[in-house]
Every structure is written in C-alpha cells, then in structure tokens.
Amino acid sequence: MNQIQKNLPQLFLVFLATLLIITPNLFFGQDSIAVDSTKNVGQIINFSFQTRHKSKELEPFYKKLKNSKFGVQRFSILDQLITHHKQKNSTDSVLYYSNLYIKEIRNWDQTDHIKTRYFSKAHYYLGNGNTMNGLNDNAIKWYLQGLQEAEKSNYPEYSYKNKIGLSNAYILQQNPDKAITILNEALAQFTSEFPSLETKSNILLGKAYRLKKDFLKAKLYFDSAMKTAIALDDVEMKLSIRLELAILDEINQDFEKAFQAYEYTRNEARAKGFDAIYFKGSLLLAKYNYNREMYDIAIMGLTMAYINAVDRDNLEYQKELLLIQSKCFSRKDDYKNSYAIMTQLYNVEDQIKKKQQRAIIKELEVQYETLEKEKAITSLKEDQLLKEAELSRQKTIKNAFLIGFLVILIPVIALLIVYYQKIQTQSELAKKQEEINTQKVQSLIQQQELNLIKASIEGQDEERKRIAQELHDSIGGNLAGIKLQLSSVTGASDTLKNINGQINETYQLVRDISHTLIPKKFRQNAFTDLVSEYVNSISKTSSLVINFHPHPKESINRINEKIQVELFKILQELTTNTLKHAEAKKVDIHLNLIEDELSLLFEDNGKGFDTSKLVEGIGLSNIKSRIHNLSGNLHVDSSKNRGTVIAIDIPDIKKITDEV
C-alpha cells in the first residue's frame, strides 16, 4: 500500500500528461471528449473520479450496530452493511463485516442448528469478499464450507447462493465446465423458488458458455436472465446483464453497439450508486479502447479507474487495470511508463499473495485458537465430570439415607393410616347404628300409633257393626214380626192401623239407624280420595313411597259403601304387612273396575319370601276372610329379593252389592 501511495503522484502526472496530449478541452470545464476517428464516429466518453466518502445513509446502521443487542438484530444490520459494501465494491469492508459476523456467531448462545444456518450465510459473505479480492482459492473454500452448512441446517436459499458463488469462482479460474455442472444442478433443484437467484445462475451460465466460445448459447442465457430481471424490476441485475451482452457485441464486432452499452451502463450505474458495476464498465470500456488501438483514451480511463480501485483497496481490480495500462504504454513504445506500471503490478500481485498468506495464517490462528479452546473445554469437562462424580457419590449417600428413612417411615405411616381408617370406620358404624336405632324407634312408634289407630278404628267399626246388627236383626226383626202379626188381624180398627203405621215407621227408623252406624268418612268423601289420603300419610311418615292408580275413579267411587269399607281395610292390612315385613321402598296399588269385575293389584319391591314356606298370620287370615265375604279370589306371587305381588279379583260386584 505504501508503494502505491508513493507512485500515485507519478501516475497522476502521467494521467494529466495524457489528457494534455489528447485534448486541452478537458481543462476548460467540458465533461466529455469527442473522438474523431475513422473507426469511431460520434462516440463520446465521460470520465470522472469518485472519491470514497463515508455514506451518510449508513450512519443509522452504524448507530444501530453500536446499540443493538447481541444476536439476530445485529446479524440483520450486518447483512445490510455487507450488501451495501458489495454494491460499492468496498472489498475490505465486506471482509471486515464478514469476519465480525463469524466471530459473533461463535460467541452466540444458541443451538447448533441455528448457528450452522448463520454460519452458511457468513461464509458466503466471506467468499464474496475473497472473490472481489481475486483470492479465488480461498473463496472456493468458504463457498464449499457455507454450502455444507446450508445443506446440514436445511437452508435452501444459502445452499443456492453458495453454489452460485462457487460457480463464479470456477469461472474466474477459467474452469467453466465445473461451473456449468453446479449451476444446472442448482436450477434443477430449486426451479423457480428464488427468481433473483435464478437470474444470477443464468448470467453465470452465459459467462461460462462465453468462456467456452459458445456465444449463441451464452446469449440465450443472458436474454433469459434479462427477462427475469425486467419482470422483477431489478435495476442492478439489468445493468450487469447489459455489460455481459455488450461483451458479446464486442466479440461479434458490433463495436458501436458495444461502446454505447458500455458507456450507458457505467454512467447509469454511477448515477444509481452501483459502484461495482461502474468500475467493471470502466474496465471493459478501457479494454475496448485498447482493442481498438485508442491507447490514449484507454490510459485516461484506466488511470481514473485505478485511482478509484486504490481508494477502495480492490487489489484484483487494480491488477487488471495495471495489466491493460502496461500494455497500452508498451503499444505506444513508452517503455519507461510501461515498466513503471509493471513494477506497480508486481507490487499489487505481491500484496495479493501477502493477503492470501495473511488469510491462511489467520485461518491457522483461528484453528489453533479453536484447538486451544477445545482443549480448555475438554479440561473443563473433565473437571466437571469429576465434580459430577463427587456430587453423584454424595447424592447416592443422601439417597441411601433417604431410602432407609423412608423404609422406616412408610410402614409407620401405613399403620397410622390403617388405624385412622379403623377409627373412621368405627365412627361411621356407630353413626349408622345410631341412625338404624333411631329409625327402629321411629318405626316402632309409628307401628304403635298405627296399631292404636287401627285398633281404635276397628273397635269403633266393630261396635257400630254390632249395634247395627243388633238393631237390624233383633229390634228390626221383632218390629217386622209385630208388623206381620198386626197385618194379619182381620177387621182391624183404626187404632190398630195407626199402631201398625207407627210400627212401620219405627222399623224404618231402626233400619236407617243401622245403616247410619257405617263410618261417616265413606259417606262424606270419595273412596279414591280416602285411599290416596291414607297412602300419602303413610309415605310422609315412613321411607315407603306408595302410588295409587284407580281406574275409572267415578265408577269406583260409586261402589257400595260396605264394599268400600272392606276394600279399605284390606288395603290397610296389606300396607301394614309391607311396612312390617317387606323392607320395601316402593308400592304400586292398581284398583280397576271393568264392567262388573273389580280387581286389586298390590305390588312392592321388597325382599319377598318363599310362598311355599308361607305361614298364615292373623293379618293374612283377616284379608282372606274379608275377600271370602266379598266372593273374591286371592293370589300371592313372591320370591326372595324380587318383591311381592298380591292380586285380588271380585268377579261380580253388582251381585255382591245386591246381597249387601
């Protein structure tokens, strides 16, 4: 670099001398020169010098980079900075930020999978920087590493990009066949998933076929790339393709078209801020002038481009410019300047080699540092393993004590639980026994009350019945006999007739009194209501649920009162027996009167009994007696744990009514 700075004044003097030889008009404010030549008519070339300044548009990125948190946020800013410096052809900046990218990934506390994805991107950038510096061997190495990382982490975008970078490096090494193979595989693999990358692939295929002298195929690929770039409205890509097409035009000796394309493209690139394209266009224009034997114009363009290349520290660009410039001076028989340029060229090549060596040394240093870190990590792991072993031993001892303690504690806890459960069980049994005793007491009280009520009702009914029978049979019979005797007297006087009438009235009165002695409730209330009221009272005072289903109510309520009384007593007796013996929860009573046949169905869900071992008690005897008085039939169906069904049929209720 020092040698370049020493030679810059000499080169600039050469440039000024060249300008004075070609035309003085450049020093009077004109920006262009007209070349009057039989070979080039009307061609105008614009020359300018661009000094590199710190771009103001990057200041926000520098501030963000300074204040951003470590990780994805910083990587995003680094992506933008590297992209910008690639467009500006700032090689050192690209390499600086690429190496910073790699360093930060290594220190990133993230999973290996994610870090591998970012490494594939960083190594792609590093390959770009080495390509820009002409270090193609290094570039190939970084692209291959980036490709492996992208495929390992399933990152198709950077798998594609690294393949493109690798192909470009092979083309620069004059190895188009390798490039064509890789690019065709990439296009087949990724199809149209990444349109902008497909455009770059087509451009590189065009370059490769141009290198193979297959200009027709090269143009087809360039045209295809141009269509995609136009569709994407990618200005940078369109300008790059114009330069490649211009090279083909020059090869095909369409010099005017090639010149116009070179000039238009580099000026447009300068206006749009695409410095890399501008420098490449300037280099191609200088080569064009050299090939057309316009050496003075070529030297002017090369000198200006060389100053820009030095300003941007682009060694590969410097190398190409100096080589052409040396040839121009040699063709002009200016061997002194040609020698000076060649000397500078050797210095640049020496810098490239030193840079490559530094890169190799740096890589070895990184490998050494990595190895040392791995050793340190291994040592730490060994220490950690020892500590873990000690901790494990202590943990085992603690666990042994804990297990021993638990072995003792668990049986104690189990005994306590069993004892507690036993106490709980005894407490629950005591509560249940108390409830059972209470229920028994209540049941006995209810039974006693029922018995008292029943006895009272039965006593009253028996007394009424006895009095009614006495009145009806004795007094009524006597009165009937007296009446018959008086009626048989012939020639009775009026007095006897009056006595006979009074006796008849007395007989009717006795008959009415005997009938009146039948319980009043059966006269004053409907029979079905009395039964419903009775079963409801039983349900309320016990756990037994009784359902009564009469059909039809009106016909049943019109049954003779004496029959109603007998039916009611039968129901009372059945209900009492169920409460005492059945342990039932539910009873269904169906009383039906169909035509003249009365049927009573009494069904419970109690424990039932074996009918073959049935012992006939007083209650059942009373029931049978009453049913017999009504000329009815009794049927009992029961079995253990299946409840009991009692069916009573009175075939001819009308006949019974008449007899009563």
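The analysis underlying the following values was restricted to heavy atoms, covering all of them including side chains, and did not include hydrogens, waters or symmetry mates.
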(request) Name the orientation class of the two ring planes belonging to Tyr118 and Trp108 (parallel below 30°, tilted from 30 to 60°, perpendicular beyond 60°). (result)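 Because their plane-to-plane angle is over 60°, the rings of Tyr118 and Trp108 count as perpendicular.
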(message) Checking Lys569 against Glu566 for the salt bridge (charged side-chain N to carboxylate O under 4.0 Å, His left out) test, could you report, in this order, the C-alpha distance in whole Å, the side-chain angles of both residues, the deciding distance, and whether it holds?
(response) CA-CA 5 Å; Lys569 290 179 178 180; Glu566 293 298 323; 5.2 Å; no
Looking at [Y], is its backbone amide N or carbonyl O close enough to the side chain of [X] to form a donor-acceptor pair, meaning the two atoms are under 3.5 Å apart?
| X | Y | result |
| --- | --- | --- |
| Thr425 | Gln421 | yes |
| Ser76 | Val72 | no |
| Ser427 | Ile423 | no |
| Ser159 | Leu147 | no |
| Asp649 | Glu597 | no |

Nearest heavy atoms of [X] and [Y], plus distance in Å:
| X | Y | result |
| --- | --- | --- |
| Leu187 | Glu198 | CD2-CG, 3.7 Å |
| Glu603 | Val645 | CG-CG2, 3.7 Å |
| Gly608 | Thr644 | CA-OG1, 3.8 Å |
| Lys238 | Ala229 | CG-CB, 3.7 Å |
| Gly632 | Pro651 | CA-CD, 4.4 Å |
| Asp604 | Ala584 | CB-CB, 3.9 Å |

Would you mind reporting whether [Y] and [X] have side-chain heavy atoms less than 4.5 Å apart?
| X | Y | result |
| --- | --- | --- |
| Phe609 | Val636 | yes |
| Ile646 | Ile623 | no |
| Val531 | Pro550 | no |
| Leu530 | Gln564 | no |
| Tyr101 | Asp79 | yes |
| Asn202 | Thr199 | no |
| Tyr158 | His123 | no |
| Leu600 | Leu571 | yes |

(request) Please determine which of Leu78, Thr83, Ile102, Ile77 meets the side chain to side chain contact (heavy atoms under 4.5 Å, CB included) test together with Tyr97. (result)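 Passing option: Leu78.
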(message) Set out, in order, the CA-CA distance, both residues' side-chain angles and the distance that settles side-chain contact (heavy atoms from CB on, under 4.5 Å) for Leu591 and Phe527, then state yes or no.
(response) CA-CA 11 Å; Leu591 183 61; Phe527 176 68; 3.7 Å; yes
Rounded to the nearest 0.5 Å, how far does [atom2] of [Y] lie from [atom1] of [X]?
| X | Y | atom1 | atom2 | value |
| --- | --- | --- | --- | --- |
| Arg74 | Leu81 | CZ | CG | 10.0 Å |
| Ser120 | Lys161 | OG | NZ | 10.0 Å |
| Thr116 | Gln110 | OG1 | CD | 11.0 Å |
| Arg117 | Ile105 | CZ | CD1 | 12.0 Å |
| Ile627 | Ile650 | CD1 | CD1 | 7.5 Å |
| Thr528 | Asn557 | OG1 | CG | 3.5 Å |

(request) Begin from the C-alpha positions of His590 and His551 and carry the test side-chain contact (heavy atoms from CB on, under 4.5 Å) through to its verdict. (result) CA-CA 8 Å; His590 297 273; His551 179 76; over 6 Å; no
(request) Please test Phe602 against Ile570 for side-chain contact (heavy atoms from CB on, under 4.5 Å), starting from the C-alpha separation and ending with a verdict. (result) CA-CA 10 Å; Phe602 188 96; Ile570 290 169; over 6 Å; no
Exceeds 12 heavy-atom contacts within 6.0 angstrom, atom [atom1] of [X]:
| X | atom1 | value |
| --- | --- | --- |
| His628 | NE2 | no |
| Lys115 | NZ | yes |
| Lys121 | NZ | yes |
| Asp112 | CG | no |
| Asp383 | CG | yes |
| Glu533 | CD | no |
| Gln426 | CD | yes |

(message) Does the Lys NZ or Arg CZ of Lys163 fall within the cation-pi geometry relative to Tyr160 - under 6.0 Å from the ring centre and within 45° of the axis?
(response)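 That pair does not qualify as a cation-pi contact.
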(message) Working note: Ser599 + Ile594, criterion side-chain contact (heavy atoms from CB on, under 4.5 Å); need CA distance, chi angles, decisive distance, verdict.
(response) CA-CA 8 Å; Ser599 64; Ile594 301 173; 5.8 Å; no
(message) Does this structure show an ion pair linking Glu390 with Arg393, if we count only N-O contacts that are shorter than 4.0 Å?
(response)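 Yes.
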(request) May I ask you to check whether Glu428 and Gln424 show a side-chain donor-acceptor distance below 3.5 Å? (result)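 Side chains of Glu428 and Gln424: no pair found under 3.5 Å.
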